[in-house]
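What follows is one structure encoded as structure tokens, with my remarks underneath.
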Amino acid sequence: MGQTASTATVAYRRESVQGHRSTNTTKTTRSTDLVFPMTAGEDEDDNRDPVHGENSDYISDLPDECLAIVFQSLSSADRNRCSLVCRRWLLVEGQSRQRLSLNAQLDLLPVIDSLFTRFDSVTKLALKCDRRSVSIRDDALVLISERCPNLTRLKLRACRELTDAGMEGFAKNCRGLKKLSCGSCTFGSKGMNAILDNCAALEELSVKRLRGIAETAVAEPIGPGVAAASLKTICLKELYNGQCFGSLILGAKNLKTLKLFRCSGDWDTLFQLMAERVKSMIVEFHFERLQISDIGLQAISYCSNLEILHLVKTPECTDIGLVTIAERCKLLRKLHIDGWKANRIGDEGLIAVAKFCPNLQELVLIGVNPTKASLEMLASNCPNLERLALCASDTVGDPEISCIAAKCLALKKLCIKSCPVSDHGMEALANGCPNLVKVKVKKCKGVTPEGGDWLRLTRVSVAVNLDTVEAEHQDASASDGGAQETGIEFPPMPGNTAASSSTSNASRSTVRSSSFKQRLGLLSGRNIVASTLRRWSGGNTSARHG
């Protein structure tokens with residue numbers, strides 16, 4: 001019945017279209033050009049199929065493989081709309097979809113069979129449940145693994161009803177899994193070990209708030225398993241017994257990236273053991289709110305291939321540990337330090353980085369107080385420094401910015417936030433850093449709108465993002481994740497504590513502001529400049545900086 005009704009509808013539409021063509025030739029040509037392309041002077045009848053005597057449908061003649069490629073370039077919402085066009089498109093869209101995100105509530109179980117009959121090529125699956133809802137249970141997860149044996153990526157979010165038994169059943173059916181990410185789940189060490197023992201191709205493991213391992217004071221060790229040979233990235237977040245992953249970390253001989261965020265316990269001992277077993281493979285460390293001291297930094301300094309290091313709110317790390325890192329890890333390219341106003345990392349550590357790490361490309365300093373001495377050495381000894389962020393620093397003022405402007409010839413992106421910088425610093429930037437393409441100035445009380453306008457007028461090719469609103473007193477990093485979890489090459493800087501400025505600085509800023517206004521007046525007529533600045537601030541500038 002469904003096919004008959006559909007055929008009759010298509011036939012009726014064809015007759016209607018043909019009748020419409022005879023009454024309005026001009027309008028017909030415009031509409032059919034989208035489906036039946038014709039050359040100039042070509043008659044409509046030349047497009048008729050020689051066999052069926054009807055206008056040929058080029059889209060229907062398109063192979064399923066080509067149609068699938070078209071679908072893959074569309075967004076998920078557009079793909080859903082395309083699947084409603086006809087039965088063929090519904091079939092092709094379903095068979096070509098490799099990514100799927102499902103609401104993993106309890107009522108998902110009855111529709112799993114029909115769902116994966118349509119989407120039978122899924123390799124990347126996300127199962128997310130609302131915190132207030134009851135999630136899928138083990139039987140649903142096992143059934144999904146039976147219907148999707150070729151899964152390579154799985155993301156589990158708030159699936160609190162899953163147990164070790166469900167994870168074990170899943171692991172046995174999806175042995176080709178390459179990436180597992182789980183957060184706010186309740187299975188424990190046995191479930192995680194089942195994954196590591198069965199999925200020999202696992203490359204990335206991300207675990208956040210795995211509640212099952214926090215039930216006992218001493219959790220069962222996790223790993224290494226057969227996956228240790230292939231694991232390249234391990235990310236652990238907000239774990240009470242994170243040290244139970246120690247066996248896995250030590251056993252992953254090809255580990256490249258280790259990220260530890262807000263995991264309780266003392267980690268120095270583990271890093272000392274790591275230094276003895278894994279000396280040169282790891283290239284990236286991310287530590288945030290972690291109990292690690294200079295002992296741990298000295299241990300990881302034996303990873304001589306280290307290129308990226310993030311130290312965020314690790315108050316026990318000092319210049320001593322950073323000097324050791326710099327002396328042994330000479331390939332360092334990216335260094336992020338959030339000193340949390342502890343003042344334990346400063347010029348001594350940064351001078352060592354400048355002396356031993358000439359390949360440095362990106363430097364982010366938050367709550368650190370460098371002086372002109374260290375910044376000048378960094379600028380002179382690191383010719384590849386392209387991205388620099390200075391946030392919540394009491395010592396970065398106009399002399400330091402002038403030093404950067406004069407010596408950082410390769411600098412492309414600069415962020416200054418909550419520092420005692422004034423319009424004179426903006427003037428220095430206008431005359432320096434020849435490769436500069438983007439400047440962000442946030443919550444620097446000494447910088448006036450006129451200073452930003454002067455920089456824009458002088459360096460029209462530089463995108464200037466200026467925020468002169470006074471900063472409120474807040475934590476050095478507004479988000480717990482900070483700039484380190486965004487995955488962006490040069491991430492947005494987190495909020496920082498406003499740098500206090502004295503009354504004398506405020507009075508000098510007023511004088512500088514008036515001098516900048518005079519300079520702008522000299523460039524052109526006062527009214528012309530004012531109208532130009534208003535147009536830029538309302539139009540081009542906002543469009544450029546988004």
Charged N-O contact under 4.0 Å between K341 and D394 = yes

Could you verify whether a donor N or O on one side chain and an acceptor N or O on the other, from S181 and R153, lie under 3.5 Å apart?
-> no

Is a side-chain donor or acceptor of Q243 paired with a backbone partner of S264 at a separation under 3.5 angstrom?
-> yes

Residue pair K330 / N359, side-chain donor-acceptor N/O under 3.5 Å = no

So, D294 side chain and G321 main chain: donor-acceptor pair closer than 3.5 Å or not?
-> yes

Looking at the rings of F271 and F287, which for Trp means the six-membered one, are their centres under 6.0 Å apart?
-> yes

Whether over 12 other heavy atoms sit under 6.0 Å from I295 CD1 | no

T186 versus R211, side-chain donor and acceptor atoms under 3.5 Å | no

side-chain contact (heavy atoms from CB on, under 4.5 Å) partner of I234, chosen from T257, V207, L258 | L258

If you draw a 6.0 Å radius around CD1 in I320, do more than 12 non-hydrogen atoms from other residues or ligands fall strictly inside?
-> no

Verify the neighbour count for atom CZ of R118: are there more than 12 heavy atoms of other residues, nucleotides or ligands below 6.0 Å?
-> yes

Using only heavy-atom distances, determine whether the side chains of H310 and E284 contain a donor-acceptor pair under 3.5 Å.
-> no

